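The structure displayed is predicted, hence computed values, not measured ones.
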Amino acid sequence: MEEISNIEVVPCEDSNYMTPFRVHYNQNGTKKSWDFMRTPDSVSILIFNTSSHCFVLVKQFRPAVYMCEWERTRKQLPETAEKTEEGPAESMAPESKEEQSASEGENSSSQPPGSAGVTYELCAGLVDKPDLSLEEIARQEVLEECGYDVPASQLKRITSYRSGVGITGAKQTMFYAEVSDDNRVSEGGGEPREGELIEVVKVPLHEAMMFAYDEKIPKTMGVIFSFIWFHNNMSPKYKISTNV
């Protein structure tokens, strides 16, 4: 999962997942414009295993996160070349092969490790099947990504909210699913035909809030919010501290 190489950034001229637009409008008499991205809505699922009293999350590489980290580290790197008082003839001299190799090595070493783009997330998926309900889409995602077969009728709707309000404004609907070892039918891991490479991760209930607030663990806001929701609404049922 973390063996990332041959990175190439190119213009996105066409995409099945997002379309950029610019909207012009008047607000209280002031003419304005805004760039935004049209993306599908999505579902996410907080999965709790009642057999082992742990949350089931997914861990995967996110190129957008990786590239943001790369840009951040590049800005923090000190300048490799120092200004000298040498004459213009020397400063404009072409690099030797040895100097070029050293320069390329420095650029290569500035690339962050693949782990910089790996995040912990709730099981989730796009709402891209118009013939299925949100619950049915969520059920499919739980089965594909985490390997649990949960009837759609047993999914509890937590809430819905807007994500990326400055860029996409797409809606995500969050569900809660209780599973057990008995309805684990596969290892999960996502759909290989769609290019998914997902690792299933378990977080013990008693460590959940420490996990949520640990800034060293890269995670989505959905993980933090859902753990807090569970603490406020479900933990009394299990009479187990979530270490808030």
Minimal heavy-atom distance between Ser42 and Gln172, with the atoms involved, is OG-NE2, 2.9 Å
Is any side-chain heavy atom of Leu134 closer than 4.5 Å to a side-chain heavy atom of Arg157? yes
Requested in this report: Tell me whether Val203 is reachable from Tyr213 by hopping between hydrophobic residues (I, L, V, M, F, W, Y) whose side-chain heavy atoms are closer than 4.5 Å.
Outcome: yes
| said: If you define the side chain from C-beta out and look only at heavy atoms, does anything of Lys31 sit under 4.5 Å from Tyr25? | reply: no
Is there a side-chain contact between Val56 and Val201, using heavy atoms and a 4.5 Å cut-off?
-> no
_Taking Lys171 first and then Asp41, would you say they form a salt bridge - that is, a charged N and a carboxylate O separated by under 4.0 Å?_
no
- Quick one: do Glu121 and Arg62 make a salt bridge, cutoff under 4.0 Å? yes
Tell me whether the NZ or CZ atom of Lys156 lies within the 45° cone about the ring axis of Phe175 and under 6.0 Å from its centre.
no
**Request:** Would you indicate whether the side-chain heavy atoms of Thr220 and Phe225 approach each other to under 4.5 Å?
**Result:** no
Without swapping roles, check the side chain of Lys219 against the backbone of Ile217 for a donor-acceptor pair under 3.5 Å. yes
One should read off an interatomic distance between Ile137 CD1 and Asp128 CG, to the nearest 0.5 angstrom, of 6.5 Å
dist Asn232:CG -> Met234:CE (nearest 0.5 Å) comes out at 12.0 Å
Residues pairing under ring pair (Phe, Tyr, Trp, His ring centres under 6.0 Å) where one sits in residues 134-169, two or more places apart or in two chains, turn out to be none
Residues Thr50, Val179; criterion side-chain contact (heavy atoms from CB on, under 4.5 Å); working and verdict
CA-CA 6 Å; Thr50 58; Val179 301; over 6 Å; no
N-O pairing of Asp149 and Arg139 below 4.0 Å
yes
Is the closest side-chain heavy-atom distance between Ile224 and Ile228 below 4.5 Å? yes
Any Val58 side-chain heavy atom under 4.5 Å of Cys146 side chain: yes
Interatomic distance, CD@Glu145 vs CG@Leu57, rounded to 0.5 Å, equals 11.0 Å
Thr19 side chain vs Arg38 backbone, donor-acceptor pair below 3.5 Å
no
*Counting N and O atoms only, with roles assigned by atom type, does the side chain of Glu141 sit under 3.5 Å from a partner on the main chain of Ala138, one being a donor and the other an acceptor?*
no
* So Glu178 and Tyr176, side chain to side chain donor-acceptor pair (under 3.5 Å) or not? Walk me through it. -> CA-CA 7 Å; Glu178 288 189 353; Tyr176 171 66; 2.8 Å; yes
Exercise. Please step through side-chain contact (heavy atoms from CB on, under 4.5 Å) for the pair Thr73 and Gln111, ending with a clear verdict.
Key: CA-CA 8 Å; Thr73 54; Gln111 177 181 329; over 6 Å; no
- Task: State, with a plain yes or no, whether a side-chain heavy atom of Glu187 is found less than 4.5 Å away from one of Val200.
- Result: no
Shortest non-hydrogen pair, Val127 vs Pro40, comes out as O-CB, 4.2 Å
For Cys123, is there any backbone N or O sitting under 3.5 Å from a side-chain donor or acceptor partner on Ser44?
no
To the nearest 0.5 Å, atom CG of Leu155 lies from atom CE of Met174 at 13.0 Å
> Under 4.5 Å between side-chain heavy atoms, hopping through other hydrophobics if needed: is there a path connecting Tyr120 to Met221?
Replying inline: yes
Between Ile4 and Gly114 the two heavy atoms that sit nearest each other are CG1-CA, 3.8 Å
Checking Phe230, Trp229, Phe227 against Phe48 for ring pair (Phe, Tyr, Trp, His ring centres under 6.0 Å), the one that qualifies is Phe230
Inset, instruction - Could you walk me through whether Met37 and Phe21 pass the side-chain contact (heavy atoms from CB on, under 4.5 Å) test, one step at a time? - result: CA-CA 6 Å; Met37 197 81 66; Phe21 290 94; over 6 Å; no
What one should report as the nearest heavy-atom pair of Gly222 and Leu122 is O-CD1, 3.6 Å
* Asked: Are Val150 and Ile158 joined in one hydrophobic group, where the rule is that I, L, V, M, F, W and Y side chains link up if heavy atoms are under 4.5 Å apart?
  -> no
Can any side-chain N or O of Arg162 pair as donor or acceptor with the backbone N or O of Ala170 at less than 3.5 Å? no
Tightest non-hydrogen contact, residues Thr168 and Ser163, listed as OG1-O, 3.2 Å
Tracing side-chain contacts under 4.5 Å among Ile, Leu, Val, Met, Phe, Trp and Tyr outward from Val185 reaches Leu143
query: Within a reach of under 6.0 Å around CG of Asp131, are more than 12 heavy atoms found that belong to other residues, nucleotides or ligands?
result: yes
Value for OH (Tyr66) from OG1 (Thr119), rounded to nearest 0.5 Å, stands at 14.5 Å
query: So, do Lys32 and Asn26 sit near enough that their side-chain heavy atoms are less than 4.5 Å apart?
result: no
- Show the numbers, then the answer: is there a salt bridge (Lys or Arg N to Asp or Glu O under 4.0 Å) between Arg74 and Glu71? CA-CA 5 Å; Arg74 283 175 59 186; Glu71 286 297 319; 3.2 Å; yes
Discussion item. Is there a path of hydrophobic side-chain contacts, each under 4.5 Å between heavy atoms of I/L/V/M/F/W/Y residues, joining Ile45 to Leu126?
Written reply: no
Rounding to 0.5 Å, atoms NE2 (His231) and CG (Leu205) come to a distance of 10.5 Å
In short, Met210 meets His206 closest at the heavy-atom pair CE-O, 4.1 Å
